[in-house]
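Below: the structure, in structure tokens.
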Amino acid sequence: MRPCGVFDERYETDMAIIRTWQHWTILLGTIGLLFCIPLFASYYFISLLNGIFITSVMVLGLQIIMGYCGQVSLGQAAFMAVGGFVSALLTLKLGLSFWLALPLSGLSAGLIGLIGGAPSLRVKEFYLAMSTVAIHYVIIWLITHLKITGYTQGLVAPPPAIGNFVFNTEERMYYIILMVTLLLTFYARNLIRGNVGRIFIAIRDNDLAAEVMGVNIFKYKMLAFFVSCFYAGIAGSLLAHWYQIVNVEQFTLNHALLYIGMIIVGGMGSIPGAFFGVFLLRLLDEFVLTVSPMLAHKFPQLGMTPAASLGVMCFGIVLVLFLLYEPRGIAHRWEIFKASYRIYPYRK
Amino acid sequence: MENNLIHIKNIHLAFGGTQALLNVSLEIKEKEILAIIGPNGAGKTSLLNCISGFYRPYKGEIIYQNMDLTKVAPHKIAKLGIARTFQNIELYTGLNTLDNLMAARHIHMKRGAFWDGIYFGPRRREDIKHRKFVEEVIDLLELEPVRKKIVGSLPYGQRKRVDLARALCMNPKILLLDEPMAGMNVEEKEDMARFILDIFELREIAVVLVEHNMDVVMDISDRIAVLDFGTKIAEGSPDDIKGDPKVIRAYLGAGQS
Ligand SMILES: Nc1ncnc2c1ncn2[C@@H]1O[C@H](COP(=O)(O)OP(=O)(O)OP(=O)(O)O)[C@@H](O)[C@H]1O
Ligand SMILES: [Mg+2]
């Protein structure tokens, strides 16, 4: 966001993301506000935000692999499961502290992600999507058939703690989740604006040209898979210790599809887009949750659980509407708004 | 022999039944503009693709810096200092001009993806250094007005120019140009010819130019090789080529000879 008439005089400022003092005010103000939310918000609202931020970390990772590098991955929910289970195992069985288990779960999901990404050397698009579905089922099958992961019951994940201070309430978890989200957003944004980001987009837009321009395609595809699965793993670990339980039901293929829906709605290839998508679809969820009991009351013939079917239906409708009318997602609207602000008070 | 950069030795290339290149030998010398001409389908693009490692000849070798390029991966060939443009412009359509060019600096960047995510500090200083290089190319090819435009939205002539600029940003020792003027109007063609000469004089690199426009070829090249049906039918100075009966026959078509 830049007002009219502000130009750059040095490459440093031209390349910066945050350029004016107004920028800084908005950014720091927002972060400050986010930190203050637990002081006045309801328990329910904080728990909603916790869910949104964890999903955002997940979707940021998906944005990197799919939105930027152009590789379809339907295995993200399973990679998230890897993170969640590894984190639970490390803390529960090995007694490791959460603060160590968190990065380790990201790393292990990232490494498993390399296996998931390996087919991208040979196959593209639809076929790659199918091979990631296969990876999803293999991971989930292993988790439900191994004793160490507690079969279908899953595992208990103890809440994080510093000394005697245990992060066992929504407010306390909120700070951990918020910090991790901010940190990973910062990292993703910088990764994308630098050399790695340009190479990811180059692979997405024209992999043949990228190769002739000196890009080791396979290496960078694997890097993209690693980073995105790292994000998924971190999200999985946060989810596990927030719920204090991990179970395969939290990581179904439906979840993976929902995440893809989120980046379509939010906008492919945009960091803010990841957040827009998560927010919008979670709001939709909330809407369905409040509306469906009323519906159930009005039309008892619908049965007891219209919420589930209504939720899926609304998701489908919203997705189709976006694909038809704004395939570049909310982020594109946001860009248009920023561009018009840039030339305000003039018009195109 | 001293000023030989690339030595193409008897390469053969086939696609199923069609023989795209048949026993082609050619030398690319330092500091010269070598033009490759020939009718449609003669194998000019295929020859460039062999040099950049895209196509693999089934016989013969391409010697560069004591290596056989036919056995080297395309991205490594790029790092050895061979850059090219494409007949059908192959840009990163979703990036702006500046980022397309910055992406070409990739081969000169220190690796270490982890630090990219931190960005501030050494990575930023490096980016600025490369940005300066890129800005020089932008100046040279007069791309200032489209610096921040998404290349997918640029008109054809300008996209061709960005394609050339991107190859130049790799700071190559050898520049392969596949029909840089095809589909342009007269004014754009003149600009392009001027740019190619400017680059040649400024960088003192070897330029291989595939082109159909005879006037341009005769004007700016030092040496010309003629391909027809996958074989090299002539090679020599522009004056030699102009009078070569085989070349004239190839261009008029075998049926009319
Ligand atoms: N990828 C490919 N698959 C199959 N055949 C190909 C392929 N690339 C080139 N050919 C064939 O090889 C021959 C030489 O093609 P090439 O593109 O090298 O010609 P060219 O001299 O560049 O022609 P133009 O002037 O039209 O660009 C043609 O017969 C073409 O059909
Ligand atoms: Mg060609």
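Note that the coordinates shown come from a computational prediction; the quantities given were computed from them, not determined experimentally. When reading the values below, keep in mind they use all heavy atoms of this one structure, side chains included, and skip hydrogens, waters and symmetry mates.
A 6.0 Å sphere centred on CZ of A:Arg328 holds no more than 12 heavy atoms belonging to other residues, nucleotides or ligands. In this structure, A:Glu125 places its CD atom where only 12 or fewer heavy-atom neighbours from other residues, nucleotides or ligands lie under 6.0 Å away. For A:Met179, the CE atom is loosely surrounded, since the number of other residues' heavy atoms within 6.0 Å does not exceed 12. Atom CH2 of A:Trp99 has more than 12 heavy atoms from other residues, nucleotides or ligands within 6.0 Å. Other residues, nucleotides and ligands place more than 12 heavy atoms under 6.0 Å from the CZ atom of B:Phe15.
Considering only heavy atoms from C-beta on, B:Phe54 comes within 4.5 Å of A:Leu208 through its side chain. Under the 4.5 Å side-chain criterion, counting only non-hydrogen atoms from C-beta, B:His106 is not in contact with A:Met213. A heavy-atom distance below 4.5 Å is not found between the side chains of A:Asn195 and B:Arg105.
Classification of B:Asp127 and A:Arg198 as a salt-bridged pair holds, one side-chain N sitting under 4.0 Å from a carboxylate O.
Heavy-atom pairs under 4.5 Å with chain B peak, among A:Ile201, A:Asn216, A:Leu191, at A:Asn216. Among the candidates B:Met170, B:Arg125, B:Arg124, the residue making the largest number of heavy-atom pairs closer than 4.5 Å to chain A is B:Met170. The candidate with the highest count of non-hydrogen atom pairs below 4.5 Å against chain B, out of A:Gly197, A:Ala210, A:Gly194, is A:Ala210.
Between A:Asp205 and B:Thr93 the shortest heavy-atom distance is OD2-N, 3.5 Å. Here the closest heavy-atom approach between residue B:Ile118 and residue A:Asn190 is recorded as O-ND2, 3.5 Å. Here the closest heavy-atom approach between residue A:Val212 and residue B:Ala78 is recorded as O-CB, 3.1 Å. Between A:Ala209 and B:Glu90, the shortest heavy-atom distance links the atoms CB-O, 3.3 Å. The heavy-atom pair separating B:Gly117 from A:Tyr187 by the smallest distance is CA-CE1, 3.4 Å.
Residue contact with chain A, scored on non-hydrogen atoms closer than 4.5 Å, is absent for B:Leu80. Using a 4.5 Å cut-off between heavy atoms, B:Ala83 makes no contact with chain A at all. Looking at B:Lys76, neither its backbone nor its side chain comes within 4.5 Å of chain A, counting heavy atoms on both sides. Contacts of A:Arg204 with chain B are made by side-chain atoms alone, with heavy-atom separations under 4.5 Å and no backbone atom involved. No part of B:Ile77 comes within reach of chain A, as not one of its non-hydrogen atoms sits under 4.5 angstrom from that chain.
Between A:Tyr220 and B:His75, the distance separating the two ring centers is not shorter than 6.0 angstrom.
Within the model, atoms CG of A:Asn206 and CG of B:Asn100 stand 9.5 Å from one another, a figure rounded to the nearest 0.5 Å.
A:Arg193 forms a cation-pi arrangement with B:Phe120, by the criterion of a distance under 6.0 Å to the ring centre and an angle within 45° of the ring axis.
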